[in-house]
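Side-chain atoms are counted along with the backbone in the values below, which use heavy atoms only and exclude waters and symmetry mates. Predicted model only: the values in this text are computed from it and were never measured.
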Amino acid sequence: MKKGNRYTLIMAALLFLVVFGGWFLMDKLLSAKQNQILSQKGQVAIPSVINDDKNGSADIMVSENDQNDFTGKVLSEEEIAEVLSVWEEGGRQIPHEPFAGQMSMKQAIDKGCQWIANLAEAKILPDEMRTTPFDNITAKLFTLENDTDIEMQMLSMWEITYTKNDVKIYMRIHAWSGEIWMADITMDKESVEYEECMDERLLGMAFPSFSWRDSGMSAHLENGIYYEIGKNGSVYIMLQRYGEVRDNPHFGFCLWLETKVKNKN
Amino acid sequence: MKLGIKFFCSIMLSFSVIFLAGGYILLSFFLENAMEREVQAALEQYQYNKFVLQSELITKGEYWDTGVTKGFYNISAIKEEMNGVIAVFSGDDKEIYNEFDKDTALEPLLSKTLPDQSNYQFDKIENRTYIMVTGVIRYDDTKWYLITGIDVENVLEQQKQIQHKFLWVYVAAVVIGLCLSLGLSVFFTRPVNALTRAAKRIADGNYRERIPVSSQDEIGQLAADFNRMSAAVEEKVVELSESARRKEDFVANFAHELKTPLTSIIGYADRMYQKDLPRAEQKQAAWYIWNEGMRLESLSHKLMDLTLLNHQEFLLEEMETGQLLEELIDDVKYFTEEKGVAIDGYAEQAYVRVEYDLFKTLFLNLVDNAIKANAGHIAVIGRLESGLYVFEIADDGTGIPADEIKRITEAFYMVDKSRSRKLHGAGIGLALSQRIAEIHGGTLEFDSDGISGTSVRIRLNCCDGGNG
């Protein structure tokens with residue numbers, strides 16, 4: 001066979017090998033890669049943003065002794081506005097164990113229970129909310145993935161749902177300060193004093209510790225929302241009452257903080 | 001191996017390797033990324049589930065723990081709020097709640113779990129792949145293990161589907177690549193093939209062959225150079241053919257010039273040998289033999305000169321033109337006076353480089369020709385003309401017919417053969433003169449109407465005077 005023809009044959013064979021054999025090689029390599037990935041094992045120190053947190057970030061729940069250790073950071077109106085603005089922008093929620101300095105699950109649940117009890121005592125909520133245990137309580141702690149300079153532990157919120165009979169309360173408690181920043185209460189029937197309670201009084205009972213609240217500026221919106229403005233104008237304290245709907249009686253109200261007034265239904 | 005095949009194979013090999021390598025990188029990157037996201041999602045799902053169980057423990061406390069452990073209460077009541085497939089074990093590894101298949105061994109997961117961390121690993125359960133996250137939940141004295149399994153088989157199936165699609169894309173790319181590389185090979189080797197065919201035609205003798213230059217790249221440059229080469233070859237072949245023809249003519253003419261006198265010599269000698277001739281006839285025969293012998297001798301001398309001119313180096317020396325002309329006329333005067341021809345001349349002052357003896361030979365040949373053409377007067381003028389120096393030798397002889405002027409410098413060519421042979425001419429003198437003019441870097445020009453004389457102009461290069 002001529003030398004040139006021999007080289008042509010060799011080249012053709014090499015080409016065939018690379019074109020077809022290459023695919024099978026790639027397939028094999030990908031399988032090996034997949035097996036390598038699937039054989040991974042890992043340990044994750046309790047999902048926490050602060051890696052050097054050694055106190056209170058374990059699975060050890062806050063004991064009764066620890067309950068007294070939480071003092072809660074007092075935030076100014078501007079600090080609250082900063083955190084609120086991040087939450088209003090939204091982002092990916094990351095669940096995590098409480099960081100050092102944040103309230104534990106028990107403390108958060110107790111905080112909410114106390115708040116509910118206060119409202120029940122004022123007849124805003126049914127009396128049984130004060131005395132008998134809830135049917136179900138679920139608490140979850142989140143922070144928010146974001147691009148801001150705010151530390152992630154400042155953004156953490158406890159989201160707690162309390163259920164008892166027809167009453168459902170959804171609450172958001174800022175984990176760092178321990179304050180309730182949002183409460184959404186729904187029930188099938190009215191409680192005694194709820195309808196007669198003035199908006200200002202209701203907000204006062206819901207947010208007793210916000211000293212910056214008392215600016216004297218407030219307003220009613222056409223869709224039934226009442227709001228007050230913080231002293232520095234950075235935070236709005238909102239209240240919306242739910243009216244009766246013909247086929248689906250629905251009472252309750254929603255209290256929340258935000259940085260700008262939006263039309264809420 | 002043909003260039004086109006080399007092109008084709010190289011392109012296809014490179015294309016396949018790059019495509020497959022890129023595909024592997026992309027697919028493995030996708031898989032890694034997807035699995036990282038799934039692990040992260042599994043850890044978050046586990047955290048959600050843990051919050052749900054912790055909430056129950058806190059709100060219902062030991063009452064609930066005991067009730068669940070003893071089987072009075074079922075975790076399935078709160079399962080709706082949880083994600084994935086879960087299993088709950090007590091602190092002493094006793095199963096409290098388990099949604100996994102009965103054959104799934106979960107106990108080994110518990111032994112690796114530490115209180116302050118969550119563990120994760122991949123496991124195959126009933127032909128589906130799960131990320132198993134295990135951790136510890138504690139409240140007061142209660143310790144539970146929570147295992148959450150998140151099904152990621154969809155991700156692996158998606159990976160397979162993507163791989164499958166990639167296979168089809170690869171097949172299509174290979175087919176397209178085959179066509180493209182074939183086309184490119186043909187496109188790039190076409191001019192080379194054209195060049196090959198043209199070279200073959202030139203080798204077969206068609207020296208006028210040229211190829212069109214259709215691009216400015218290296219191939220276009222090669223085509224242009226090929227055309228230049230074939231033009232040079234054609235020119236050379238024409239030159240060599242012409243030279244061969246001239247040599248053939250030279251030999252033919254030489255043989256003819258040799259044959260004619262030899263025939264006479266042999267004829268007359270044979271006659272003298274064969275017969276007893278009267279004295280007068282013997283003398284006549286002897287005269288013919290001598291005359292032809294003289295012609296042969298003249299021919300021999302001139303041929304010798306022509307040969308020497310082609311193979312010798314001559315040293316040219318600078319001479320003032322007036323002095324040169326004066327010496328030339330002095331040297332030929334004996335000859336012209338013997339023949340009864342007047343010669344005079346005038347030269348404008350300048351300097352030329354000449355080899356005197358050689359130039360004298362040229363001058364003598366021209367004067368001799370003028371005398372043979374029955375000239376009575378020869379005038380020689382030297383003048384500057386357009387940067388060159390021209391010696392013009394004009395006679396009033398019979399002249400040269402205009403249609404024969406271009407051939408008179410050919411060896412053995414004679415305008416009037418009978419007159420030349422009578423004067424022992426062989427037709428080589430002007431060929432010699434032409435060669436001498438070329439050796440001096442000059443040219444010879446002839447001008448005649450064929451009736452009233454001939455004018456010969458010798459053009460030479462001038463040089464700076466007095467520099468030697």
Side-chain angles (χ1 to χ4, degrees), chain A residues 3-12 14-15 18-20 22-23 25-27 29-30 33-34 36-47 54 57-64 92-97 104-106 109-110 113 133-134 136-142 159-162, chain B residues 1-2 5-6 8-10 12-13 15-17 19-21 23-24 27-28 31-32 35 39 43-48 50-52 54-60 78 81 112 114-124 129 133 135-140 156 159 163 166-167 170-171 174 177:
Chain A
K3 204 173 174 184
N5 290 344
R6 209 184 315 151
Y7 284 145
T8 304
L9 265 176
I10 290 170
M11 205 62 176
L14 181 67
L15 186 63
V18 168
V19 171
F20 292 99
W23 170 259
L25 176 66
M26 191 194 81
D27 196 47
L29 287 173
L30 282 172
K33 184 78 179 178
Q34 184 173 303
Q36 184 205 352
I37 290 171
L38 295 182
S39 63
Q40 274 176 22
K41 290 179 187 182
Q43 291 88 35
V44 179
I46 307 302
K54 288 184 168 53
S57 65
D59 291 56
I60 299 170
M61 299 302 296
V62 175
S63 66
E64 284 179 10
R92 194 173 79 88
Q93 293 185 348
I94 305 172
H96 64 93
E97 293 292 325
S104 65
M105 182 186 277
K106 186 172 186 325
I109 290 173
D110 288 347
C113 287
F134 288 95
N136 187 37
I137 302 176
T138 309
K140 294 169 191 170
L141 179 61
F142 294 103
E159 291 185 357
I160 310 174
T161 308
Y162 300 86
Chain B
M1 191 163 60
K2 284 186 173 294
I5 295 176
K6 283 183 194 170
F8 170 75
C9 290
S10 306
M12 279 309 298
L13 273 173
F15 177 77
S16 294
V17 167
F19 202 87
L20 287 171
Y24 170 75
L27 289 171
S28 64
L31 181 62
E32 264 181 344
M35 279 308 172
V39 166
L43 290 170
E44 287 174 10
Q45 297 301 328
Y46 164 81
Q47 187 65 49
Y48 278 124
K50 189 176 157 190
F51 279 146
V52 171
Q54 282 173 346
S55 303
E56 289 297 308
L57 269 178
I58 288 171
T59 51
K60 290 162 184 158
I78 57 167
E81 296 178 56
K112 297 174 202 166
L114 298 176
D116 58 350
Q117 66 187 23
S118 307
N119 295 338
Y120 71 86
Q121 66 183 52
F122 290 87
D123 270 334
K124 196 87 174 171
T129 305
V133 184
V136 173
I137 303 173
R138 296 181 90 165
Y139 179 62
D140 285 343
L156 298 174
Q159 172 77 4
Q163 238 175 284
F166 181 78
L167 171 62
Y170 177 64
V171 167
V174 164

Is it the backbone or the side chain of [X] that comes under 4.5 Å from a heavy atom of chain A, or both, or neither?
| X | result |
| --- | --- |
| B:Phe15 | neither |
| B:Thr59 | side chain |
| B:Ile5 | side chain |
| B:Leu156 | side chain |

Looking at side-chain heavy atoms only, is the closest gap between [X] and [Y] below 4.5 Å?
| X | Y | value |
| --- | --- | --- |
| A:Thr138 | B:Phe51 | no |
| B:Phe19 | A:Trp23 | no |
| B:Phe166 | A:Met26 | yes |
| A:Met11 | B:Leu13 | yes |

Worksheet item: Does atom OH of A:Tyr7 have more than 12 heavy-atom neighbours from other groups under 6.0 Å away?
Response: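 At most 12 heavy atoms, drawn from other residues, nucleotides or ligands, come within 6.0 Å of this atom.
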Practice prompt. Verify the neighbour count for atom NZ of B:Lys2: are there more than 12 heavy atoms of other residues, nucleotides or ligands below 6.0 Å?
Written response: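 No, the 6.0 Å shell around NZ holds no more than 12 heavy atoms from other groups.
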Practice prompt. With sequence neighbours excluded, tell me which residues meet side chain to side chain donor-acceptor pair (under 3.5 Å) with B:Lys60.
Written response: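 So B:Lys60 forms a side chain to side chain donor-acceptor pair (under 3.5 Å) with B:Glu56.
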Below 4.5 Å from any heavy atom of chain B, which atoms of [X] appear? Answer side chain, backbone, both or neither.
| X | result |
| --- | --- |
| A:Leu14 | both |
| A:Gln36 | neither |
| A:Phe134 | neither |
| A:Asn5 | neither |
| A:Leu25 | neither |
| A:Leu29 | both |

Worksheet item: Out of curiosity, B:Phe122 CZ to A:Gln34 CD, how far, rounded to the nearest 0.5 Å?
Response: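 Output value for this atom pair is 10.0 Å.
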Item to complete: Rounded to the nearest 0.5 Å, what's the gap from NE2 on A:His96 to CG on B:Leu43? Could you check?
Response: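 Here the interatomic distance stands at 14.5 Å.
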Worksheet item: Which pair of non-hydrogen atoms, one from B:Ser55 and one from A:Ala139, has the smallest distance, and what is that distance?
Response: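 Scanning both residues completely, I find the closest heavy atoms to be OG-N, 2.8 Å.
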Worksheet item: At their closest point, which heavy atom of A:Lys106 faces which heavy atom of B:Ile58, and how far apart are they?
Response: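 In this case the closest contact between A:Lys106 and B:Ile58 is N-CD1, 3.7 Å.
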Item to complete: Identify which of B:Glu44, B:Met12, B:Lys124, B:Glu81 forms the greatest number of heavy-atom pairs closer than 4.5 Å to chain A.
Response: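 With the most close heavy-atom pairs to chain A, the winner is B:Glu44.
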Worksheet item: Using a cut-off of under 4.5 Å for heavy-atom pairs, which of A:Ile37, A:Asn136, A:Asp27, A:Ile109 has the most such pairs with chain B?
Response: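 The answer is A:Ile37.
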Worksheet entry | Most chain B-contacting option - heavy-atom pairs closer than 4.5 Å, from A:Val18, A:Leu30, A:Thr8 |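 Sorted descending by pairs with chain B, the first entry is A:Leu30.
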Item to complete: Report the residues that fulfil salt bridge (charged side-chain N to carboxylate O under 4.0 Å, His left out) with B:Lys6, sequence neighbours left out, ordered by chain and then residue number.
Response: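 With sequence neighbours excluded, B:Lys6 shows a salt bridge (charged side-chain N to carboxylate O under 4.0 Å, His left out) to no residue whatsoever.
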Discussion item. For A:Gln40, is there any backbone N or O sitting under 3.5 Å from a side-chain donor or acceptor partner on B:Tyr120?
Written reply: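 Such a contact is absent between B:Tyr120 side chain and A:Gln40 backbone.
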